[in-house]
Structure formats: C-alpha cells, structure tokens
Amino acid sequence: MYDLAIRGVLIEDGSGGQSFEGDIAIDGGHIAAVGTVGASRAEIDAEGLVAAPGFVDAHTHDDMELHCNPDNGSKIKQGVTTVICGSCGFSAFPHVPGRPSPDFLSVDGCWRTYREYREVLTGHGIGTNSACFVGHNTVQRLLLGIDSAEPSARGLAAVCDDIQRAMDHGALGVSTGLIYRPGRHTSTAALTRIVATVSDYGGIHSTHLRDESDGLLNAIAEVTSVSRETGASLQISHLKVIGEHNWGSLGAALDQIGRARADGIDVAFDVYPYTAGSGPLATYFPPDDIDVTRARLVQIIQCHDYPHFEGRRLADIASDEGVSLRSVTRRLVTAPNADKTLCVIFEIHEDDMLEALSHPAAMIGSDGIPQQKGVPHPRLQGTFPRVLGRYSREKGVLSQSAAIEKMTSRPAIRYGLVGRGLLRPGYAADIVVFDPTTIADCGTYSSRADPVGVRHVLVNGKQALSDAALTGVRAGRVLAREER
C-alpha cells in the first residue's frame, strides 16, 4: 500500500512529450508508480487538474529568505519546489556573523562557510529544496572591500581560494554580477581565473552580464570567450535587451548564443516573463550621472528613507514635489539607506522577451527579490503561473508541455539535480497539481497578490500546499553538488 496516490490527473511528466491521464503513487518521499496504481493510505482526487514535476526556479535571490522565512511560501504557492540561489554575484556565504549579509536582504546569519549555511538551513528546515552558487561579489567584498578595484595577484588568489572552499562544500559554481560593485571592476583576465577555479570541479559560471543595453553583444562575447578558454558551462542570467532604441535586437544575441553552442560552448540562459527589470536604484543611477530618460521609466518598490514613494513612478514623485526628475533621483541615491532602495524599470519589449522565452536554450527564472514591505516586482510571486496562464493558455506562445519542460527537466538537468525534474518512478516526489483553466499570476506593479490555480504542492513526498493553503511543512533539502 502506497503512502499517497494522486488520482485521475492529467500527467505532464516534464519531458515535453504528450500528456496522458493516470495516477501517481508516492512512497517514502519518492514516486513509486505512474499510470494505474493500487491502494494507498491517502489520496488526492485530481480529476480535471494537471500534475507536473515541481517547478525549478532557475534564478532566485532566496538565499536569506530561506533563513528568515524558511517556508518560502511565495515560491510554494507558485508550484516551485526547488530554488537556485546565489545569483548575480551575491550569495549568503561567505559571511561574517554580526554583519549584514551582502545580498539584497542585508540581514545577519550565524555562519561563515557554505557548509555552515547548509547546516543552519537543515537545522530549522526549509519549504523548498535549494541549490546554491557562490557569489564572486560577495567573496571579494568580504575579503577586499566593496569598492575594491582589480585585485592584485595575491588578492585574486585569496578570492579564488574562498570560491574553491565553497566548491569543496558543494556549490553549483560561481555567479558573477558584472554591473555591481566590486564585480564591475573585474577584468576579463581576472574573470577567466575565477571561472577556471570552478571549471576544475565541473562547476557552472552563472553571470549577470556586464551590459544588457548597447553593449549586449560584446558582453556575451566576453563570457563565451571565458568559457571557451576554461571549458566551464555558462548560464546567462535573465537574458534581455534594454532600452527602447535596442528593441527588436535580441534576435542578434540569440544568434550569437546559437553560434557559440554550435562551436561546442555549453551556454544556456534563463528569462522571466515580464517587461520590467528590477534591482537597486543606486546601481542604475550614479549620483553624478543621472540618465533622465531612463529615470522616467522607474517605479520605486522599496524605500526605507521615503516609504511614501513606494509604488510610485519617479516622474510623478518629481511632479508632486515640484522638483526636477534629476533632483529627486539624486536625492534617493544619496540617501542614508540608498543601497536598500529597490525599483522596477519598464524598459523591455514584450516581443523580445517572448523571443527569448521561446528559444530552445531558455529556462524560467523569477529573479524575484524577496521583500516583506513595499510592493515587490510581481515576478517574485507570479512568474510560473504567468507563463502557464498568460503565455501558454491565453496567448499560445508555448504549449503547456513545452512550458513545463522549461520549468522542470531542463533546469534540473542543467544544474545536475539528479532524480528530479521528471515524473518517473524512483524520482523525488516533488510535484505540483494545478488547474489549467484558472492558473494565473495576480500581482501587479502597484499591488501584491498571490497567484491562483495551484492546488497542491509536494516536496520530497510531503504536502507543502494542500487545497491552495500552506501547510507549514518544511520538507526541502539543501542539494549540495556532491549529493545531487
């Protein structure tokens, strides 16, 4: 007798192949059978619903969220069962207890190394599985300072030693954020040395490119050349082209990626299904060089110094305050807590985003920045339902099977999540059950809201979501590289 059976469900097994009706049996945290299954101690009646492997969020900033809010409810409610952390050059480790973490949450933790971070998460339990990159910016900031320039040979060796330590503890690879401090000062030669460190382990280089605007092609050329020299797999984060004058040019970037793949470079990318990016305002607007044209596209989503600005466009704030757009932007980026001010920028064309989303090398990553106050970018809570609702069911950009494959088996294979990403006997019972007729994202850029249509979520065979309600069960695991 099985522990649990999901009965009468339409099965999307994650392979991208034809769906079929049947049952799924779960026993001991794993899928025991798929098709027609026998008796079970408990059942879920899923007639009219779809079962798929739990979604793998290919790009997150959930590192400290897993410590501060371990249930990770914003992801469970979307059907996500595994999150890939340590993105854009920022990770929760290495860390010095007593200091704010150098990620977007800026909170404290009681660990120094990745091994210790894993032990803390395992100790209190986590709602989703997690696998982590080590962030180059985090390492160099800890060792050499946030404003450090190109490190000396000794400094670079120290950075590589700390990255190697994280790899020894099971990190997926190294992530770089080449628009952030101190990564923006990293030369291609130093980047090559850093990536070579993880290549020796079979690790991946995940990168926020140096330029996603006019210099996009040059930025892609830089990181593909590093992979060519080191042999490391390359994951380009949230591929897009920004700036109205660049709209329509993403095809050239995809062609460039295609040529690199044809030349034997293992390169793929993730994409989120929205037309606005998000991040720290101060990164995009240096106080002495305010791009007023770009500032007109900005909306503030979190601001400790001026909380009444949250949810409002910079242009509207300037008008109401009776000051220039340049002046109000400079005020925000020079305020005491400027590094914690987050914004969204509406500078992506939907056609470009959809071209990336449809590409064979694409997988889905939310890139959401967890925040308890303000109005987060809706991708934090709605990415996966949005793909299935808006772009599969409503617009037909992707078939349901193709969309699910980009959310499940493709990232699972990419990140070496052995035994996950497919509904097959012997695989971990990470499963999402959803209503294909109603699944949708509900949040907007001015209001926070949970998605609808996700009914049940199992993580390692335990129900984290039951009848659309969080259960509080924390069955997730930290998936270190040697354990995948």
Side-chain angles (χ1 to χ4, degrees), residues 59-61 74 88 104-106 177 179-180 208 212-213 237-238 240-247 271-287 289-353 365-383 385-386 390 440-451:
H59 182 107
T60 82
H61 295 283
S74 66
C88 296
F104 294 121
L105 290 186
S106 297
I179 71 163
Y180 300 111
H208 183 139
E212 296 175 322
S213 182
S237 298
H238 41 63
K240 57 184 175 292
V241 61
I242 60 177
E244 186 173 356
H245 60 290
N246 291 313
W247 288 352
V271 60
Y272 50 77
Y274 295 89
T275 56
S278 181
L281 183 72
T283 296
Y284 309 128
F285 296 95
D289 185 23
I290 303 295
D291 183 343
V292 176
T293 300
R294 194 180 191 194
R296 293 187 185 281
L297 306 175
V298 169
Q299 180 172 309
I300 302 301
I301 61 173
Q302 177 176 289
C303 185
H304 291 257
D305 298 296
Y306 302 96
H308 56 292
F309 288 174
E310 292 174 352
R312 301 176 63 197
R313 294 283 192 115
L314 281 180
D316 294 335
I317 295 169
S319 177
D320 291 347
E321 298 271 318
V323 297
S324 69
L325 184 55
R326 178 176 281 104
S327 175
V328 76
T329 305
R330 184 178 291 111
R331 187 200 312 173
L332 286 168
V333 300
T334 57
N337 295 293
D339 59 329
K340 299 178 183 177
T341 297
L342 302 177
C343 69
V344 295
I345 312 181
F346 299 89
E347 55 185 354
I348 305 167
H349 196 284
E350 186 177 48
D351 290 347
D352 287 326
M353 181 273 289
S366 69
D367 193 25
I369 303 173
Q371 62 184 88
Q372 302 308 310
K373 298 180 180 179
V375 181
H377 190 303
R379 67 192 182 188
L380 175 66
Q381 297 173 268
T383 290
R386 183 175 178 84
R390 180 176 177 83
D441 65 320
C442 298
T444 70
Y445 293 100
S446 57
S447 64
R448 179 195 293 254
D450 291 329

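Values below: all heavy atoms of this structure, side chains included; hydrogens, waters and symmetry mates excluded. All residue numbers in this chain count up from 1 along the given sequence.
- Across all non-hydrogen atoms, the minimal contact from Val328 to Ala318 is CG1-CB, 3.9 Å.
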Side chain to side chain donor-acceptor pair (under 3.5 Å) assessment of Gln381 paired with Asp450: CA-CA 6 Å; Gln381 297 173 268; Asp450 291 329; 3.2 Å; yes

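- Atom CG in Leu380 sits 10.0 Å away from atom OG1 in Thr60 (nearest 0.5 Å).
- Rounding to the nearest 0.5 angstrom, the gap separating the CD atom in Gln371 from the NZ atom in Lys340 is 13.5 Å.
- A salt bridge links Arg331 with Glu321; the closest basic N to acidic carboxylate O contact falls under 4.0 Å.
- Between the Thr383 side chain and the Arg379 main chain, a donor and an acceptor come within less than 3.5 Å of each other.
- In this structure, NE2 in His377 is found 11.5 Å from OG1 in Thr444, a value given to the nearest 0.5 Å.
- No side-chain heavy atom of Pro273 sits under 4.5 Å from any side-chain heavy atom of Arg390.
- Leu332 and Ala338 make their closest contact through O-CB, 3.4 Å (heavy atoms, listed as atom of the first residue, atom of the second, distance).
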Candidate pair Val375 and Tyr445, rule side-chain contact (heavy atoms from CB on, under 4.5 Å), full reasoning: CA-CA 7 Å; Val375 181; Tyr445 293 100; over 6 Å; no

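- Gln299 CD to Phe346 CZ: the interatomic distance, rounded to the nearest 0.5 Å, is 4.5 Å.
- Contact record, Ser324 with Ser327: OG-N, 3.0 Å, taken as the closest heavy-atom pair.
- The side chain to side chain contact (heavy atoms under 4.5 Å, CB included) test with Lys240 is passed by exactly one of Thr275, Val271, Ile348, Asn246: Ile348.
- Between Glu347 and Arg296, no side-chain nitrogen of the basic residue sits less than 4.0 Å from a carboxylate oxygen of the acidic one, so the salt-bridge criterion is not met.
- Around atom CD of Glu350, more than 12 heavy atoms belonging to other residues, nucleotides or ligands sit under 6.0 Å away.
- Taken from OG1 in Thr341 to CG in Asp305, the straight-line distance is 5.5 Å, to the nearest 0.5 Å.
- For residues 309-319, the set of pairs meeting the salt bridge (Lys or Arg N to Asp or Glu O under 4.0 Å) definition, not counting sequence neighbours, comprises Arg312-Asp320.
- In this structure, Leu281 and Ile300 have side chains that are in contact, with non-hydrogen atoms separated by less than 4.5 Å.
- Side-chain atoms of Thr329 come within 3.5 Å of backbone atoms of Leu325 as a donor-acceptor pair (strictly under, hydrogens ignored).
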Criterion side-chain contact (heavy atoms from CB on, under 4.5 Å) on Ser278 and Ile345, from CA distance to verdict: CA-CA 6 Å; Ser278 181; Ile345 312 181; over 6 Å; no

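- A cation-pi contact, defined as under 6.0 Å to the ring centre and within 45° of the axis, is absent between Arg330 and Phe285.
- Using modelled atom types and a 3.5 Å distance limit, the side chains of Glu212 and His238 yield a donor-acceptor pair.
- Rounding to the nearest 0.5 Å gives a distance of 8.5 Å between SG of Cys303 and CG of Asn337.
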Evaluation steps, side-chain contact (heavy atoms from CB on, under 4.5 Å), between Tyr284 and Ile179: CA-CA 9 Å; Tyr284 309 128; Ile179 71 163; 4.1 Å; yes

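- Here the closest non-hydrogen pair linking Ala282 and Val333 is CA-CG1, 3.9 Å.
- Scanning all heavy atoms of the two residues, the minimum distance from Thr334 to Pro287 falls at CG2-CB, 3.7 Å.
- Under the 30°/60° scheme for interplanar angles, the aromatic rings of Tyr272 and Tyr274 are found to be tilted.
- Scanning all heavy atoms of the two residues, the minimum distance from Pro451 to Pro385 falls at CB-CG, 3.6 Å.
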